[in-house]
Amino acid sequence: AQSVSQHNHHVILSEAASLELGCNYSYGGTVNLFWYVQYPGQHLQLLLKYFSGDPLVKGIKGFEAEFIKSKFSFNLRKPSVQWSDTAEYFCAVRGTYKYIFGTGTRLKVLA
Amino acid sequence: DVKVTQSSRYLVKRTGEKVFLECVQDMDHENMFWYRQDPGLGLRLIYFSYDVKMKEKGDIPEGYSVSREKKERFSLILESASTNQTSMYLCASSPRQGRYEQYFGPGTRLTVT
């Protein structure tokens with residue numbers, strides 16, 4: 001069965017700390033992978049996506065993610081977080097028509 | 001800029017009422033989706049549609065139905081609302097071809113009392 005696991009449910013960091021959020025997926029076909037972010041009171045928006053090619057993808061606001069096929073992982077990283085990165089982050093994989101989302105990681109960045 | 005709009009941001013209904021949640025997208029996308037978002041459970045797919053008058057059950061379709069009479073509009077119907085349907089409901093759309101990212105609406109927070 002297709003599934004997405006996000007290992008960290010809540011993460012608290014101080015400003016300028018480095019961030020890595022884990023995402024593992026289970027899917028047998030060609031994968032399209034996404035990270036979405038939901039800032040407080042706002043709608044979900046795309047951070048970055050992977051379809052093919054370079055496994056290191058860069059997104060908005062300094063975020064990047066690395067697709068490691070052998071590990072079925074697509075971890076999100078940011079070298080130095082800001083208070084404004086406080087949000088909930090969702091990893092997702094696209095199947096034939098459906099998208100499967102992880103349960104989300106709530107990140108709180110302390111000023 | 002893609003825009004997905006939902007008819008209400010907040011809705012309060014009584015148990016047993018019929019509830020309609022409307023979603024409209026303005027980018028001529030073939031695919032449309034309804035999710036519910038609950039703390040700790042992420043987004044769970046209720047129904048999706050890949051064409052007008054076409055619909056497919058998602059992972060949690062029980063207690064819900066959908067309607068897609070026009071390409072730009074996808075409606076979620078709660079035939080008889082129950083308290084366990086209190087949730088945030090998100091609509092999304094995506095093109096069928098090309099880059100398959102989804103575009104989300106602002107959500108409707110439904111409370112069933």
Side-chain angles (χ1 to χ4, degrees), chain A residues 1-11 21-27 29-53 57 59-60 65 74 87-108, chain B residues 1-6 8-10 23-25 27 29-51 54-61 66 68 74 87-109:
Chain A
Q2 302 165 8
S3 65
V4 175
S5 296
Q6 292 183 241
H7 317 298
N8 317 97
H9 299 293
H10 292 89
V11 173
L21 301 183
C23 173
N24 285 92
Y25 65 91
S26 170
Y27 182 67
T30 302
V31 287
N32 299 150
L33 295 160
F34 308 85
W35 275 98
Y36 285 87
V37 61
Q38 188 172 36
Y39 297 104
Q42 296 188 27
H43 62 275
L44 271 159
Q45 55 187 285
L46 183 71
L47 258 185
L48 47 77
K49 60 192 176 189
Y50 172 80
F51 294 104
S52 63
V57 292
I60 61 170
F74 189 56
E88 190 162 16
Y89 294 81
F90 294 92
C91 181
V93 61
R94 183 187 183 276
T96 308
Y97 283 111
K98 291 167 52 173
Y99 297 72
I100 300 103
F101 283 80
T103 53
T105 298
R106 285 184 185 269
L107 170 67
K108 183 168 185 173
Chain B
D1 215 17
V2 176
K3 199 162 186 184
V4 180
T5 56
Q6 295 183 229
S8 306
R9 289 300 304 270
Y10 300 93
C23 175
V24 177
Q25 51 95 2
M27 281 301 290
H29 286 170
E30 289 81 7
N31 300 333
M32 295 189 74
F33 307 81
W34 275 106
Y35 296 89
R36 62 178 283 175
Q37 182 181 11
D38 299 289
L41 298 178
L43 275 70
R44 293 181 292 166
L45 182 64
I46 305 171
Y47 268 96
F48 66 100
S49 169
Y50 50 88
D51 206 344
M54 305 300 289
K55 58 185 179 185
E56 293 285 342
K57 291 180 180 179
D59 300 314
I60 52 163
V66 290
R68 193 161 180 206
F74 192 36
S87 187
M88 173 68 86
Y89 290 87
L90 300 179
C91 177
S93 72
S94 74
R96 184 181 298 153
Q97 303 296 334
R99 299 295 180 175
Y100 301 113
E101 64 201 76
Q102 286 187 307
Y103 297 84
F104 284 86
T108 295
R109 185 165 293 283

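Of the residues considered (A/Tyr99, A/Phe34, A/Tyr36), A/Tyr99 shows the highest number of contacts with chain B, using heavy-atom pairs under 4.5 Å.
With a threshold of 4.5 angstrom between heavy atoms, A/Gln38 approaches chain B through side-chain atoms but not through N, CA, C or O. Contacts of A/Phe90 with chain B are made by side-chain atoms alone, with heavy-atom separations under 4.5 Å and no backbone atom involved. Only the side chain of A/Leu46 comes within less than 4.5 Å of a heavy atom of chain B; its backbone N, CA, C and O stay farther away. Using a 4.5 Å cut-off between heavy atoms, B/Leu41 touches chain A through its backbone atoms (N, CA, C, O) alone. Looking at A/Gln6, there are no atoms closer than 4.5 Å to chain B (heavy atoms on both sides), in backbone or side chain. Of the two parts of B/Gln37, only the side chain, counted from C-beta on, holds a non-hydrogen atom closer than 4.5 Å to a non-hydrogen atom of chain A.
For B/Arg44, the salt bridge (Lys or Arg N to Asp or Glu O under 4.0 Å) test picks out B/Asp38, with sequence neighbours left out.
The backbone N or O of B/Phe74 sits less than 3.5 Å from a side-chain atom of B/Trp34, completing a donor-acceptor pair. With B/Gln6 contributing its side chain and B/Tyr89 its backbone, the two residues share a donor-acceptor pair below 3.5 Å. No donor-acceptor pair closer than 3.5 Å links the side chain of B/Ser93 to the backbone N or O of B/Met32.
Note on residues 36-46 of chain A: no pairs pass salt bridge (Lys or Arg N to Asp or Glu O under 4.0 Å), not counting sequence neighbours.
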